Amino acid sequence: MDRPGAENIAGQACSFTNEDENETFYLRGLKLAQIREKGINPYGERFERTSLAEEIKENYEIIQGQRVAVAGRLMAKRGHGKATFADLQDLSGRIQIYLRSNEIGEEAYALFGKVDLGDILGVEGSVFKTRLGEVTIAVQRFVILSKCLRTLPEKWHGLKDIELRYRQRYLDLIVNPDVKKTFIIRSKIIQAVRRFLENRGFLEVETPMMHPIPGGAAARPFITHHNTLDIDLYLRIAPELYLKRLLVGGFEKVYEINRNFRNEGISTKHNPEFTMLELYQAYADYVDMMNLTEELLHNVAVEVLGSAKIDCEGQEIDLSPSWKIIPMSEAVKEYTGLDFNEINSDGEAVRAAEEIGLEAEKPGTWGTVLNQVFEERVEPKLIQPTFIIDYPVDISPLAKRKENEPRLTSRFELFIMGREIANAFSELNDPIDQRMRFEEQAKKRLAGDDLSHMMDEDYLRALEYGMPPAGGLGIGIDRLVMILTGLSSIRDIILFPILKPKEQGSHENKDL
RNA sequence: GAGCCAUUAGCUCAGCUGGUAGAGCACCUGACUUUUAAUCAGGGUGUCCGGGGUUCGAGUCCCCGAUGGCUCACCA
């Protein structure tokens, strides 16, 4: 590149990749240098604000004529010779600013000519309304707080390219106001959950994210390595077993909101790292958890959205209590006609599934087949909030058995919009039963099922000291946010969803 | 992992049966002191995702690859 000064923008030695060699970047670099030549630092210091854009607009009657100071990003500029209108955007929204040469002086007005769309400015001036009624700040003084060297996405269409929106989320946030709103709602949902639990006496705790033995869920883990100890560790797939150790230790109501990591497929409903709420309450059971779940979600919806009725992908979801409760076998009977209560062997169960056109999974026990039929034929149809209870013991290695029905556990999952939102059970606190379940799981593992639970002696030892009976609940925060915001892709409610890195290198070495 | 679709200027997009690459916004030059998708007069700033191939000639056709989206599989 043989443009003068391009490799030495603003007097600073720096290198740019080919990608950056567009005209705009070069020209803005020159403006940056010109601003510096005037003795002005285009990357300014702290700026004392008096107001946010929306506050000024909302309180115009009171604030009219007063001097205000606002800061934000320049989003539009309309020059009229010796006067210029522009729009400044801060967290709250946008406000118009107005600069006149004879008001701020010719030198300052000329400097404003070096200001580009995307620059971050601080302005001071008095509030007035234009002829057309727009609340505007008549600028008396402005400072450049940060120079923008690149072109912002288009003002009218915004940033639509989905890949760019995820890879450069900051642009998405600058240019698409709804995106900002979504993530504010996400934050409010989590705050509301914490407040709700705090009010009920739950203690927030943090348990390890790196586990010597991954447990508490059926999922493939990520493996990492600790150098000094020279051991492999697993990023946690669930915090469950650690939280229950805390019940043994005497904490009676605990919860954790944090990331889980599962090394599995990526889709609009699955991100490899996702946020989970898990809570445990001593001396309670899964029915208590059902009530808690219902109250929690209803409460959060009303608090954050102002209503228990939410619009989700064109469907109205009503989170007002009380939600339907259906045993899994009854739900299956209702939607397929198969009555698993009348089925008494694994072989029979497999044949029954095949009769309705399902290919039963390999080993295929009564419980796994029941669950499979449920997932394939019932789950997608559960649109309004529905508790499915009485899960088979085969797929619930950490849940307490029902006393009068040993094939089943005291467990429920909550479904909304055909998606699993919550999972809860009466926690298995019998160390002998837990040991047998782990052994059962270990057998499956040996047979090649790498999703089965690993034997965890340390956890068993904790149970052997005695864990109070307890109810435990897990809620997928991302999926909850999806329901409450009505968005159908998990990537739209995670700020930086996982994406494959773009290929590098092709342009990196070209300059050398 | 499989199928389908997409990838063209900073952004949003057009580009037919193969014939020297276009628009709007943004940007650059000039005019303009209440505009608001400001306006007016000029100016295209490009590795058409990458690599091969067919052809006199490829953004366009064929093959391979990259990334993304959707569907499916996986994920109880």
Side-chain angles (χ1 to χ4, degrees), chain A residues 18-28 30-31 75-87 94-104 109 116-118 128-136 138 148-168 171-172 174-176 217-220 237 262-272 274 328 361 367-376 379 388 391-392 394-397 399 411 413 420 423 444 449-453 476 488-489 491 497 499-507 510:
Chain A
N18 284 14
E19 179 195 11
D20 301 323
E21 284 182 27
N22 68 55
E23 196 69 21
T24 305
F25 191 77
Y26 166 72
L27 287 163
R28 289 190 174 204
L30 285 188
K31 283 185 195 166
M75 298 303 289
K77 201 178 175 189
R78 296 175 291 279
H80 297 264
K82 297 250 181 276
T84 298
F85 288 94
D87 298 336
R94 287 189 190 188
I95 189 154
Q96 179 167 266
I97 61 174
Y98 179 55
L99 295 92
R100 286 194 307 168
S101 173
N102 57 359
E103 177 81 31
I104 62 168
Y109 194 76
D116 293 304
L117 292 192
F128 76 108
K129 248 183 198 174
T130 61
R131 206 188 280 160
L132 293 169
E134 174 111 12
V135 176
T136 303
C148 173
L149 295 177
R150 296 177 183 268
T151 324
L152 289 184
E154 212 236 4
K155 62 178 175 186
W156 195 243
H157 298 95
L159 185 65
K160 284 192 174 165
D161 186 306
I162 291 172
E163 191 176 350
L164 283 182
R165 287 187 44 225
Y166 298 152
R167 284 191 198 279
Q168 292 178 268
L171 290 181
D172 196 23
I174 290 170
V175 119
N176 297 326
R220 287 182 196 89
I237 55 175
R262 298 189 183 174
N263 204 343
E264 277 149 6
I266 296 169
S267 76
T268 46
K269 313 233 170 340
H270 303 264
N271 198 59
F274 60 99
M328 182 183 275
E361 285 156 17
T368 60
V369 173
L370 169 59
N371 183 56
Q372 191 191 346
V373 175
F374 169 76
E375 283 185 350
E376 296 194 25
E379 202 176 298
I388 296 296
Y391 274 65
D394 319 37
I395 57 159
S396 313
R411 173 181 176 186
E413 286 193 0
E420 177 195 335
N423 178 18
K444 284 194 191 171
D449 178 8
D450 59 352
L451 293 177
S452 290
H453 215 285
S488 59
S489 171
R491 296 184 195 109
L499 293 179
K500 229 176 180 179
K502 278 280 195 190
E503 254 190 322
Q504 296 233 320
S506 56
H507 63 61
K510 248 185 190 170

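Worth saying up front: this structure is predicted, and the values here are computed from it rather than measured. Reminder, nothing fancy here: chain letters follow the sequence lines and each chain counts from 1.
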ask   = Could one point to a donor on the side chain of A:Q96 or the base of B:rU35 with an acceptor on the other under 3.5 Å away?
value = yes
inquiry  = Applying a 4.0 Å non-hydrogen cut-off, can you work out what A:Y98 is touching in the nucleic acid: base, sugar-phosphate, or nothing?
reply    = base
query = Roughly how many Å is it from CD in A:E134 to P in B:rU36, rounded to a whole number?
reply = 11 Å
ask   = Donor-acceptor pair under 3.5 Å: do we get one between A:T130's side chain and the base of B:rU35?
value = yes
ask   = Considering only the C1' atoms, how many Å lie between B:rU17 and B:rU55, rounded to the nearest integer?
value = 16 Å
message = Using atom P in both nucleotides, what's the gap between B:rU35 and B:rC40 to the nearest angstrom?
response = 15 Å
ask   = Under 4.0 angstrom, heavy atoms only, what part of the nucleic acid is A:G79 near: base, sugar-phosphate, or nothing?
value = base
task = For nucleotides B:rU33 and B:rG43, find the distance between their P atoms and express it as a whole number of Å.
result = 25 Å
key: Qualifying residues under side chain to side chain contact (heavy atoms under 4.5 Å, CB included), relative to A:D161, sequence neighbours excluded   = A:E163, A:L164
ask   = Please give, in whole Å, the distance from B:rU67 P to A:E163 CD?
value = 10 Å
message = Taking atom types as they are modelled, would you say the side chain of A:R78 forms a donor-acceptor pair with the base of B:rU35 within the 3.5 Å cutoff?
response = yes
query = Does the side chain of A:R491 get closer than 4.0 angstrom to OP1 or OP2 of B:rC70 through an N or O atom?
reply = yes
request  = Compare all side-chain heavy atoms of A:I266 with those of A:R491 and state whether any distance is below 4.5 angstrom.
outcome  = yes
Lys/Arg N to Asp/Glu carboxylate O, A:D116 vs A:K77, below 4.0 Å = no
task = Quick one: look up who B:rU39 pairs with, Watson-Crick or G-U, both distances under 3.5 Å, and put none if it's unpaired.
result = B:rA31
query = Okay, side chain of A:R262, backbone of A:I237: is any donor-acceptor separation there less than 3.5 Å?
reply = yes
inquiry  = What contact category does A:R167 fall into here, base, sugar-phosphate, or nothing, at under 4.0 angstrom with non-hydrogen atoms?
reply    = sugar-phosphate
task = Classify the nucleic acid contact of A:L152 as base, sugar-phosphate or nothing, counting any heavy atom under 4.0 Å across all strands shown.
result = nothing
task = Indicate, with a heavy-atom threshold strictly under 4.0 Å, whether A:E264 touches base, sugar-phosphate, or nothing.
result = sugar-phosphate
query = Has A:K269 got a side-chain N or O lying under 4.0 Å from the OP1 or OP2 atom of B:rA73?
reply = no
message = Over all strands shown, is A:K77 touching base, sugar-phosphate only, or nothing at heavy-atom distances under 4.0 angstrom?
response = nothing
inquiry  = Measuring only the P atom in each nucleotide, how far is B:rA21 from B:rA9? A whole number of Å is fine.
reply    = 14 Å
query = Watson-Crick or G-U wobble partner for B:rG44, using a 3.5 Å limit on both distances?
reply = none
request  = Can you tell me, in whole Å, how much space there is between the C1' of B:rC13 and that of B:rG18?
outcome  = 23 Å
inquiry  = Just N and O in the side chain of A:K155: are any of them under 4.0 Å from OP1 or OP2 of B:rC25?
reply    = no
remark   = Any strand, both distances under 3.5 Å, Watson-Crick or G-U wobble: B:rC70 pairs with B:rG3
query = Between the side-chain atoms of A:D161 and the base atoms of B:rU12, is any donor-acceptor pair under 3.5 Å?
reply = no
